[in-house]
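Right, one structure below, let's go through it.
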Amino acid sequence: AQKVTQAQTEISVVEKEDVTLDCVYETRDTTYYLFWYKQPPSGELVFLIRRNSFDEQNEISGRYSWNFQKSTSSFNFTITASQVVDSAVYFCALKTGNQFYFGTGTSLTVIP
Amino acid sequence: AAGVIQSPRHLIKEKRETATLKCYPIPRHDTVYWYQQGPGQDPQFLISFYEKMQSDKGSIPDRFSAQQFSDYHSELNMSSLELGDSALYFCASSRKFGSQETQYFGPGTRLLVL
């Protein structure tokens with residue numbers, strides 16, 4: 001069965017702190033894609049990253065970084081030096097075959 | 001820069017009516033995705049198109065259909081609307097470059113079924 005688990009429902013951090021959002025996935029497929037999306041309070045969805053299962057190289061984009069570890073089936077997302085504008089719900093998703101599986105989201109609040 | 005356009009932005013319908021949502025992808029994007037997000041829920045993938053052909057099909061009800069036209073815009077047709085269809089419907093477009101793909105989302109259409 002395919003599944004995405006975001007165990008952290010809500011996280012609050014103080015501005016400038018680092019925060020890691022966890023994502024654990026389950027699949028028996030060898031080819032799959034992992035995604036992170038951001039949904040700020042305004043409601044729009046913002047695509048952050050797509051990673052395929054054959055590429056375990058970690059990625060950094062500005063204050064964002066992603067740690068993909070197949071050994072633990074995890075695709076964690078770290079925000080460095082968090083800012084108030086980072087406050088949003090973050091969704092992790094898995095795509096296998098023709099199906100997307102979303103986690104239930106982590107609501108991040110960055111306190112000024 | 002041009003973004004993904006969705007119309008209408010808001011729509012109110014009654015049960016058993018039909019609705020058509022439109023999505024205009026970013027120019028030169030070849031792929032369109034449709035997602036449904038109920039209140040307080042995570043997004044659900046409905047369907048996607050690549051080069052005007054259906055590429056992936058997710059949890060799209062049989063009452064819904066979609067297509068992508070020659071100008072790459074896409075329409076999601078919803079019939080026999082139910083109260084549970086009330087949701088935010090997102091469209092996203094992308095253009096694949098080898099193994100790389102970035103999805104760009106529209107602002108969403110908020111559908112309320114009364």
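It should be emphasised that the depicted structure is a prediction, and the values quoted were computed from it without experimental measurement. To find a chain, count down the sequence lines: A is the first, B the second, and so on, and within it residues start at 1.
For B:Gln37, the part lying under 4.5 angstrom from a heavy atom of chain A is the side chain only. With a 4.5 Å cut-off on non-hydrogen atoms, A:Phe91 touches chain B through its side chain but not through its backbone.
For the atom pair OG of B:Ser59 and OH of A:Tyr101, the computed distance is 9.5 Å after rounding to the nearest 0.5 Å. The line from CD of B:Gln103 to CG of A:Leu48 is 11.0 Å long, rounded to the nearest 0.5 Å. If you take CG on B:Asp42 and CD on A:Gln6, they are separated by 8.5 Å, rounding to the nearest 0.5 Å.
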Next item on the list: Take B:Phe45 and A:Lys95 through the test side-chain contact (heavy atoms from CB on, under 4.5 Å) and record every step on the way to the result.
Entry: CA-CA 10 Å; B:Phe45 168 68; A:Lys95 181 177 186 289; 5.9 Å; no
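A:Arg63 meets the salt bridge (charged side-chain N to carboxylate O under 4.0 Å, His left out) test with A:Asp86; sequence neighbours excluded.
Residue B:Leu114 qualifies as enclosed at atom CG: its count of foreign heavy atoms under 6.0 Å is above 12. In A:Lys3, the NZ atom is not crowded: 12 or fewer heavy atoms of neighbouring residues, nucleotides or ligands sit closer than 6.0 Å. In this structure, A:Lys38 places its NZ atom where more than 12 heavy-atom neighbours from other residues, nucleotides or ligands lie under 6.0 Å away. Around CG of B:Asp62, the count of heavy atoms belonging to other residues, nucleotides or ligands within 6.0 Å does not exceed 12.
Across all non-hydrogen atoms, the minimal contact from B:Phe90 to A:Gln39 is CZ-NE2, 3.7 Å. Shortest non-hydrogen contact noted between A:Leu45 and B:Pro43 is CD1-CG, 4.0 Å.
Cluster annotation: A:Val19 is connected to A:Trp66 through the hydrophobic network of ILVMFWY side chains, with a link wherever side-chain heavy atoms come within less than 4.5 Å. Placement of B:Leu21 and B:Leu88 in two distinct hydrophobic clusters is found when ILVMFWY residues are connected by side-chain heavy-atom separations under 4.5 Å, directly or transitively.
Among the candidates B:Tyr104, B:Tyr35, B:Tyr33, B:Phe105, the residue making the largest number of heavy-atom pairs closer than 4.5 Å to chain A is B:Phe105. The choice from A:Phe54, A:Phe100, A:Tyr37 that makes the most heavy-atom pairs within less than 4.5 Å of chain B is A:Phe100.
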